[in-house]
Amino acid sequence: MKCQSCANPATIHLTDIVQGQKRVLHLCQRCAEERGLLKKQELNLPAILQTLIGQHIGRLPDELARLTCPACGIKYMEFRAQGRLGCPHDYQTFRAGLQPLLKQFHRAVKHVGKVPKHHPGDPAALAQLVELRSKLRQAVEQEQFEEAARLRDLIRQKDATT
Amino acid sequence: MNLDDLTHISGEWLRGTGPESDIVISSRIRLARNLAAFPFTNRANAHQKAEIEGLLRERIGKIDFQPKLEYVNLPGLSNLDRQFLVERQLISREMATSDGPRGVALGPQETVSLMVNEEDHLRLQVMRSGFSLDEAWQDIDKVDDMLEERINYAFSEEFGYLTACPTNVGTGMRSSVMLHLPALVLTKQIEKVFRALQKINLAVRGLYGEGSRASGDFYQISNQVTLGKAETKILSEIRDVIPNIITYERQARATLIKETRLALQDKIRRAFGTLCNATMMTSEETMDLLSSVRLGINLGLLDDITIPTVNELFIQTQPAHLQKIMGAPLDGEDRNAARARYLGKKLRETGPTVN
């Protein structure tokens, strides 16, 4: 099939219904773009992801399914799908979900063995640093450079004290 | 570090020395560690990975470990050189193929390797020839202590060392012993050994770790559980089971000699003959034939070729090693032909006599 506005092969086929009237368009990529018909749709990735995960691992209790780590932003669902956690703080955030997994895999839930001589510091302060770093990453991605600079200074200041 | 210098030596894990080295190839311990105030590697963007790498690289450079470690920037290496490090077991396969800032600090003897931005921010590894888990633990514990003075590790009293994958949490320790078990394979008893090991929660993997097949009859026995058991306990569980496997392998070898000596000798001589005379050789076939030759030497059925030579050939005939030795990228038939020529030349140099 040829494009309705030029001779190239039509690859875009649009069907609309306007006031009860069906309208069919056959266009090539370029003509469709020129008419603004191919505006990039915002894909709802989280929703797609949740559906996919649901299909793979079955339904999780609502409470767990909704959990998101405040520090790194990873969802419990994402962790279950990928098998990798997002930051050290997740062990606290996802504790309820992790404990049965740990029990199943290790037949234990509590560490025994080597302990670092230097304590890493207050877990809340460390989680906050991960959070600031996640925010910094977002700010850079969204080209909010003033915010990024502010966050960078804040991280520098807080990292020195932990 | 000039990687080309390493091509002609066999690497610590195949040096073929150390206790029980006719069966136990090497002992290896790995510790997973992460920085407390950063997202894990998989959640970090390129900028954050660069920050993590910069920080760890600087701290690693400051520890007073002898002999001095040298840092290798992995994106700066060719694919071939990264593959070369995988074949020497100095980096993981994932590290060779992933992207972003990452690297490895290596000791000159290749016993210590510290991987930066692996699945965890830091993966410490110590390797020793033969059956030497305790020595490996002493080394890695020391490096870990030195690093911990300078690095804020992610750790909780409850869960131990916090890792990206919960299967590593706790001690973060994976300790493994690599065994050469050709007689258990030949007598078809290897599956029985696997099942027994799985029952006591030990994992069995092939030569290059997870998912790799056991080419050359090499098997790695390692712990699965990392939480709820102290490092010394995990090590002793492996240490205790290895002598049993060694005994089974020795019994299987004795049975083969006693009951099928001629057939065994034939198999070994044919393996040797093929290695000397073939025109094309795949990596897999080379591993299988070298395995038979190695068994032959250890049983006294083949002499004038030494274990260190066979061990060297195991590694030098791997794809990346071979290409580096030949000094040219080689594919498919060309590579198999080059491998056959190399084997023929090396084996004739050593002047085999078959008794």
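Please read these numbers as outputs of a predicted model, since none were measured by experiment. Protein chains get the first letters and strands the later ones, always in sequence-line order, with residue 1 at the start of each.
In this structure, the side chains of B:Asn45 and A:Glu141 come closer than 4.5 Å at one or more pairs of heavy atoms. Contact of the B:Glu148 side chain with the A:Lys117 side chain is registered, since non-hydrogen atoms from C-beta on lie closer than 4.5 Å. A 4.5 Å side-chain heavy-atom check between B:Phe159 and A:Leu102 finds at least one atom pair inside the cut-off. Using a 4.5 Å heavy-atom cutoff, the side chains of B:Leu227 and A:Arg107 are not in contact. Between B:Tyr161 and A:Pro116 there is a side-chain heavy-atom pair separated by less than 4.5 Å.
A salt bridge between B:Glu158 and A:Arg95 is present, with a side-chain N of the basic residue lying under 4.0 Å from a carboxylate O of the acidic one.
Contact annotation for B:Asp145: both backbone and side-chain heavy atoms come within less than 4.5 Å of a heavy atom of chain A. For B:Thr41, no part sits under 4.5 Å from any heavy atom of chain A, backbone or side chain. Looking at A:Gln104, neither its backbone nor its side chain comes within 4.5 Å of chain B, counting heavy atoms on both sides. Neither the backbone nor the side chain of A:Val140 comes within less than 4.5 Å of any heavy atom in chain B. For a residue to count as touching a neighbouring chain, one of its non-hydrogen atoms must lie under 4.5 Å from one of that chain's; by this rule B:Glu51 touches chain A with the side chain only. Contacts between B:Glu119 and chain A at a heavy-atom distance below 4.5 Å involve the side chain alone, from C-beta outward.
In summary, the aromatic rings of A:His118 and B:Tyr153 are positioned with their centroids too far apart to meet the 6.0 Å limit.
For a heavy-atom cut-off of 4.5 Å, chain A lies close to B:Lys229, B:Ala230, B:Glu231 in residues 229-240 of chain B.
Every residue was checked against the side-chain hydrogen bond (donor to acceptor under 3.5 Å, both in side chains) condition with B:Thr171, not counting sequence neighbours, and none meets it. Considering only residues two or more places apart in sequence or on other chains, A:His26 meets the ring pair (Phe, Tyr, Trp, His ring centres under 6.0 Å) condition with A:His13. Scored by the side-chain hydrogen bond (donor to acceptor under 3.5 Å, both in side chains) test, B:Gln83 finds no partners at all (sequence neighbours excluded).
Interatomic distance, CG of A:Leu126 versus CZ of B:Phe38, reported as 11.0 Å (0.5 Å rounding).
Comparing B:Asp144, B:Leu35, B:Ile151 by how many heavy-atom pairs each has under 4.5 Å with chain A, the most go to B:Asp144.
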